[in-house]
There are 2 protein chains.
Amino acid sequence: MSHEAQKIVARQSLLLRSLPEQHVDTLLRQAVWRQYDRGETIFLQEEEAKAVHVVLAGWVKLFRISPTGAEAVVSVFTRGESFGEAVALRNVPYPVSAEAVSPCEIMHIPSPVLLSLMKQDPEICVSILAATFTHLHSLVAQLEQLKAQTGAQRVAEFLLNLCDSDAGQCEVELPYDKMLIAGRLGMKPESLSRAFSRLKPVGVRINRNHAEIADMDVLRNYAESDPSEK
Amino acid sequence: MSHEAQKIVARQSLLLRSLPEQHVDTLLRQAVWRQYDRGETIFLQEEEAKAVHVVLAGWVKLFRISPTGAEAVVSVFTRGESFGEAVALRNVPYPVSAEAVSPCEIMHIPSPVLLSLMKQDPEICVSILAATFTHLHSLVAQLEQLKAQTGAQRVAEFLLNLCDSDAGQCEVELPYDKMLIAGRLGMKPESLSRAFSRLKPVGVRINRNHAEIADMDVLRNYAESDPSEK
DNA sequence: TCTCCAACTTGACTATTGTCATGTAAGGGC
DNA sequence: GCCCTTACATGACAATAGTCAAGTTGGAGA
């Protein structure tokens, strides 16, 4: 991707799009642009945060290694999404690690740059709070899923979120590894395989990375039904 | 609690303590002070946020009602803790509902008050980001627990967090209903009962609301051990 | 004081998920 | 082209948690 193209994508990101126009150029000029290979570490848990990260291309996973050694995937980001806002601006250690799960292009905004802009224009704080709130919200949604839905239902919702349309038949590509999907949904790969089988009766066909949903309403109904009703 | 006592507690809250001194008085003067009975609703999911809430006394639960009707407890707050920061400052709907689970005293800071202070002094943004980050962090920790630990291990960690000391023998009171503890830990009350029984061999005795831990290190070791090792 | 209700416990059973083992198939490197 | 690794599927079994159904108990209120 050319640097010009990178800048265009960066401007479209949720974070920069909500910032006042005049500051965007300042940020873009001072940002650090980097590529990562698949599997490369972007930062590690407990490391001190020095920047906010904006994904321009590829997929990034945030995860935590628990004391037992198990990996818990917290979120997966792609083009246009940013992470690390709240951490970077407080100079505290990251609560998670970040790793590129596909080749990635990432823009890093050094936190001092953002902090000095915040002092000039408090409007920026609100943009950053907006991004942070989005993360909070998605974590809350994830908690709800884990606490109130079965594995197969979480998979159903995951598939529904991949679709562009919102009713009828739909075909989508799974965006990343099934292993990672399993992690993201809080289950083992074996359980994901079985969850897919379980979704066959409600019109889901999986072939490699390709998924076909016969009827989104039927699937949504399944995802939102009481687990004990089945 | 007298209004003077309320103000003292409010000043000790994590949110206000990190704010520059001169603004605290402004906030305290414009805040709304209210009491809630056990079971009373503080706000509802989807309602538009108009204030930041600081708990002065009692316990508050934040929860989500999933499409299936199941309740997922997101967090439980008490004296000195605040919630709703990121939401209030963006005038978006709450992603959760809030309910007093015991008689409560709560201070509400209307969001316009906070917003206007933010414009005067961007330093305040950082304080608010700090509070928001704390919430993010606790949600991440919860996700990790749910994804990587068994029920009994989550209960063990919950008990450890209640203790003031960090080693040796310890006695604590359970701060709220076992039903709520179960919800907070993502399990059914029956499972919580059984988890308690399972903790007997590692030196945990529960009697009503009273818990005795024979040795915190032994319990911690249990909580952090690989589930498959048992 | 008595009654009643909701919280809690326990048991039996089921469902769901994890674990381990095995087999297959696809894709990268040579 | 081949090999070899890794992802993925599936079966058998174990562990864990949910469900349903009885109890028990302690406390609020009449």
Side-chain angles (χ1 to χ4, degrees), chain A residues 37-39 59 61 66 68-72 101-103 145-156 173-200 204-211 222-223 225-230, chain B residues 37-39 61 66 68-72 101-103 145-156 173-201 204-211 222-223 225-230:
Chain A
D37 295 330
R38 177 192 158 98
W59 291 86
K61 78 168 170 193
S66 73
T68 81
E71 173 184 304
V101 292
S102 75
Q145 284 193 357
L146 278 173
K147 287 184 174 175
Q149 292 184 304
T150 68
Q153 288 181 311
R154 298 200 294 276
V155 174
E173 300 302 311
L174 302 181
Y176 37 80
D177 270 1
K178 292 189 186 171
M179 289 190 65
L180 180 54
I181 297 178
R184 166 60 242 280
L185 298 176
M187 56 179 93
K188 301 285 154 184
E190 293 95 325
S191 298
L192 179 64
S193 276
R194 294 184 178 117
F196 279 141
S197 323
R198 230 183 266 200
L199 291 182
K200 275 177 197 157
V204 173
R205 276 200 39 191
I206 306 287
N207 195 295
R208 316 284 221 112
N209 292 325
H210 190 79
Y222 173 89
S225 67
D226 190 322
S228 66
E229 283 170 20
K230 292 195 302 291
Chain B
D37 294 331
R38 177 191 161 101
K61 79 169 169 191
S66 72
T68 82
E71 171 185 306
V101 292
S102 74
Q145 284 194 358
L146 278 173
K147 287 184 175 176
Q149 292 184 306
T150 68
Q153 287 181 312
R154 298 199 294 277
V155 174
E173 300 301 312
L174 301 182
Y176 36 81
D177 270 2
K178 291 188 186 169
M179 289 189 65
L180 180 53
I181 296 178
R184 165 61 241 281
L185 297 176
M187 56 179 94
K188 300 288 155 184
E190 293 97 324
S191 298
L192 179 64
S193 275
R194 294 187 176 113
F196 279 141
S197 324
R198 236 188 257 200
L199 292 181
K200 276 179 197 157
V204 172
R205 276 201 42 191
I206 306 286
N207 195 295
R208 318 283 221 113
N209 291 325
H210 190 79
Y222 172 89
S225 67
D226 190 323
S228 67
E229 281 170 20
K230 290 194 305 288

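To find a chain, count down the sequence lines: A is the first, B the second, and so on, and within it residues start at 1. Quick note: numbers below take in every heavy atom, side chains included, and nothing from hydrogens, waters or symmetry partners.
- At a cut-off of 3.5 angstrom, the base of C:dT19 holds at least one donor-acceptor pair with the side chain of A:Arg194.
- For A:Ser193, the listed nucleotide lying nearest its side chain is D:dT10; candidates were D:dA7, D:dT10, D:dT16.
- Residue order along DNA chain D, read from the 5' end via each residue's closest nucleotide, puts A:Ile206 first among A:Ile206 and A:Lys147.
- With distances taken from any side-chain atom of B:Asp177 to the nucleotides D:dA7, C:dA7, D:dA17, the minimum falls on C:dA7.
- Relative to the side chain of A:Met179, the nucleotides D:dT16, C:dC8, D:dC8 differ in distance, and D:dC8 lies closest.
- Nearest nucleotide to the side chain of B:Lys188, out of D:dG18, D:dA9, C:dT17: D:dG18.
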Check nucleotides 25-29 of chain C against the protein and report each pair of N or O atoms closer than 3.5 Å, with its distance, or say if there are none.
| from | atom 1 | to | atom 2 | distance (Å) |
| --- | --- | --- | --- | --- |
| C:dA26 | O5' | A:Arg208 | NH2 | 3.2 |
| C:dA26 | O3' | A:Arg208 | NH1 | 3.4 |

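- No engagement by B:Arg154 is indicated, since no non-hydrogen atom pair under 4.0 Å with the nucleic acid exists.
- Spacing between atom CE of A:Met187 and atom P of D:dT16 amounts to 19 Å, rounded to whole angstrom units.
- For B:Glu190, the side-chain atoms get nearest to D:dT19 when compared with the rest of D:dT19, D:dC8, C:dT19.
- Taking atom CD of A:Gln149 as the reference point, atom C1' of C:dT17 lies 16 Å away to the nearest angstrom.
- Comment: B:Lys61 does not engage B:Asp177 in a salt bridge, judged by the lack of any side-chain N to carboxylate O separation of less than 4.0 angstrom.
- For A:Ala152 against A:Arg198, the heavy-atom pair with the smallest separation is CB-CD, 4.2 Å.
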